[in-house]
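Each remark here refers to the structure printed beneath this line.
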Amino acid sequence: MIKIEHLVKNYGANCAVDDISFEIKKGEIVGFLGPNGAGKSTTMNILTGYLSSTSGIVEVAGLNVLDYPLEAKKHIGYLPEQPPLYLDMTVEEYLIFTYNLKGCTLNRTKHLEEICDVVKIRDVYKRLIRNLSKGYRQRVGIAQALIGNPEIIIFDEPTVGLDPKQIIEVRNLLRNLGRDHTVILSTHILQEVQAVCDRIIIINKGKIVADELTENITRAVESNRRFQLKICGPQKEVLNMLRQKPGIVHAELTSARDGDAYTYNIESDVGVDIRKSLFYTLAEKGWPLIGMEALGMSLEEVFVAIVDQAADRSARYERGAQKPPRRARVEHELAKTITEKKKSEESEYSALFDDDDE
């Protein structure tokens, strides 16, 4: 449904989107995440045809956005972070205006009634938008995105300023829309992404740093593996063994107990599966292992870890790029020496003559 290949967007010397590629299939709900300034809004503005790209290909429903902008836009409903509302209109007037603007051919009365039922704005249909609460204005913005029944719906921060009840209602709406539409959700509320999205794309400094199914997103993190253990045995000796065992980088005793078993949290080194080795060690010492549970990372921890890893790689690359090759450094030093020697000789020569000499 959406295909982006080698997309680049430059603002002068600043590269906002740096050669990104991804595809989104019909019926997917995709979370598009990244820190401020990562390139999310620029990518969505290019996708909706609001901005042109510096290079690359963007296709919507098989249509190139640059070659067929109007046809491509008919397949997209878009809710920007600030809903494009006209405050002096009533909700009814605004939705009719949007209906006409989009050139919608569906039965107007029936279509708008269905949308109002979906986003629950029937009770404010005749009211001025100026007099609506933040939550209702957001719903009206969602309603305009749904007019024309577009195949692709893009939401940029759809729950900003909503109360908890309204947030839950919007989440349910997004899930329902995902049954018949392709949905892209850009937000900083990570619990929202985890609750709604099938897939997560994370962008940082214009580059995609993760693209995984929501349940598999922790695979994108080159991080330690964490486990909670329940072990019967002398707690000090067990803890000391865990801290000294190769492959374990951290171990701590928790306050939880299960009968005569103490609970420990451990982290294994990257790429090390500690489970079998630990089982045999405990068996040799006669300390029964009665429980082992993998402790997953929260989406917040995953997000921070991925962004930090990308920043570290970028910093290492820049440091390496700034250091010239050995041959270049030698040539530079040689040229510097010749230049300084030449300046010295010229200075000595000019000193032999006074200003009055010809």
Side-chain angles (χ1 to χ4, degrees), residues 1-2 24-36 38 40-41 43-44 47-48 76-85 91 95 112-125 129 132-203 210-218 296-304 306:
M1 186 57 65
I2 295 174
I24 300 177
K25 298 177 182 178
K26 184 176 181 179
E28 277 192 300
I29 304 178
V30 177
F32 196 45
L33 307 180
N36 291 329
K40 302 188 304 298
S41 294
T43 301
M44 289 188 292
L47 181 60
T48 57
I76 298 174
Y78 181 40
L79 174 66
E81 186 173 353
Q82 297 296 329
L85 305 177
V91 174
L95 294 183
L112 295 185
E113 286 178 353
E114 289 174 350
I115 290 176
C116 289
D117 288 336
V118 168
V119 298
K120 298 181 179 179
I121 55 174
R122 278 263 196 166
D123 53 336
V124 297
Y125 194 58
I129 295 175
L132 299 181
S133 67
K134 170 70 174 179
Y136 271 113
R137 291 187 188 186
Q138 201 74 2
R139 294 189 201 186
V140 174
I142 294 173
Q144 66 80 26
L146 299 180
I147 289 177
N149 196 26
E151 299 165 272
I152 300 165
I153 304 173
I154 302 174
F155 292 122
D156 191 358
E157 302 287 353
T159 59
V160 170
L162 303 187
D163 62 41
K165 184 175 182 296
Q166 293 168 338
I167 290 174
I168 292 173
E169 290 175 352
V170 171
R171 287 179 184 174
N172 292 332
L173 172 60
L174 292 176
R175 289 194 196 96
N176 292 332
L177 291 174
R179 297 172 184 170
D180 304 310
H181 304 78
T182 298
V183 179
I184 299 178
L185 171 64
S186 176
T187 179
H188 287 101
I189 305 174
L190 301 185
Q191 298 94 330
E192 196 167 278
V193 173
Q194 204 159 20
V196 172
C197 297
D198 307 315
R199 177 177 157 206
I200 296 174
I201 298 174
I202 300 178
I203 185 173
D211 183 355
E212 295 282 349
L213 295 176
T214 303
E215 62 266 26
N216 297 335
I217 190 63
T218 54
M297 298 176 71
S298 68
L299 186 54
E300 287 87 350
E301 291 173 316
V302 172
F303 177 81
V304 171
I306 290 173

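Because only heavy atoms are used, hydrogens play no part in the values below, and waters and symmetry mates are left out as well, while side chains stay in.
- Remark: the backbone N or O of Pro83 is not paired with any side-chain donor or acceptor of Arg137 at under 3.5 angstrom.
- In this structure a side-chain-to-backbone donor-acceptor pair under 3.5 Å is missing from Asp211 to Ile201.
- A donor-acceptor pair is defined here as one N or O able to donate and one able to accept, closer than 3.5 Å; no such pair exists between the side chain of Glu151 and the backbone of Thr182.
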*Take Ile184 and Ile2 through the side chain to side chain contact (heavy atoms under 4.5 Å, CB included) test and state the conclusion after the steps.*
CA-CA 10 Å; Ile184 299 178; Ile2 295 174; 3.5 Å; yes
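- Thr214 places a side-chain N or O within donor-acceptor distance of the main-chain N or O of Cys197, the cut-off being under 3.5 Å.
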*Go through Leu177 and Phe155 one step at a time and tell me if the side chain to side chain contact (heavy atoms under 4.5 Å, CB included) criterion holds.*
CA-CA 12 Å; Leu177 291 174; Phe155 292 122; 4.0 Å; yes
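- Contact between Pro35 and Lys40 at its shortest, heavy atoms only, is O-NZ, 3.4 Å.
- Contact record, Asn149 with His181: OD1-NE2, 3.0 Å, taken as the closest heavy-atom pair.
- Between Ile121 and Ala143 the shortest heavy-atom distance is CD1-CB, 4.0 Å.
- Distance alone, capped at 3.5 Å, is enough to place a donor-acceptor pair between the Gln144 side chain and the Gly141 backbone.
- At least one cation-pi condition fails for Arg122 and Tyr125: the charged atom is not both under 6.0 angstrom from the six-membered ring centre and inside a 45 degree cone around its axis.
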_Verdict with reasoning, Met1 to Ile24, per side chain to side chain contact (heavy atoms under 4.5 Å, CB included)_ = CA-CA 6 Å; Met1 186 57 65; Ile24 300 177; 5.8 Å; no
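- Pairing each heavy atom of Pro158 with each of Ser186, the nearest pair is CD-O, 4.0 Å.
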*asked:* Pair Leu95, Cys116 - check side chain to side chain contact (heavy atoms under 4.5 Å, CB included), show working.
replied: CA-CA 10 Å; Leu95 294 183; Cys116 289; 4.0 Å; yes
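- Within the 4.5 Å cutoff, side-chain heavy atoms of Val140 are placed close to those of Leu85.
- No donor-acceptor pair closer than 3.5 Å links the side chain of Glu169 to the backbone N or O of Val119.
- Considering Val183, Leu185, Ile76 as possible partners of Ile154, the one that fulfils the side chain to side chain contact (heavy atoms under 4.5 Å, CB included) test is Ile76.
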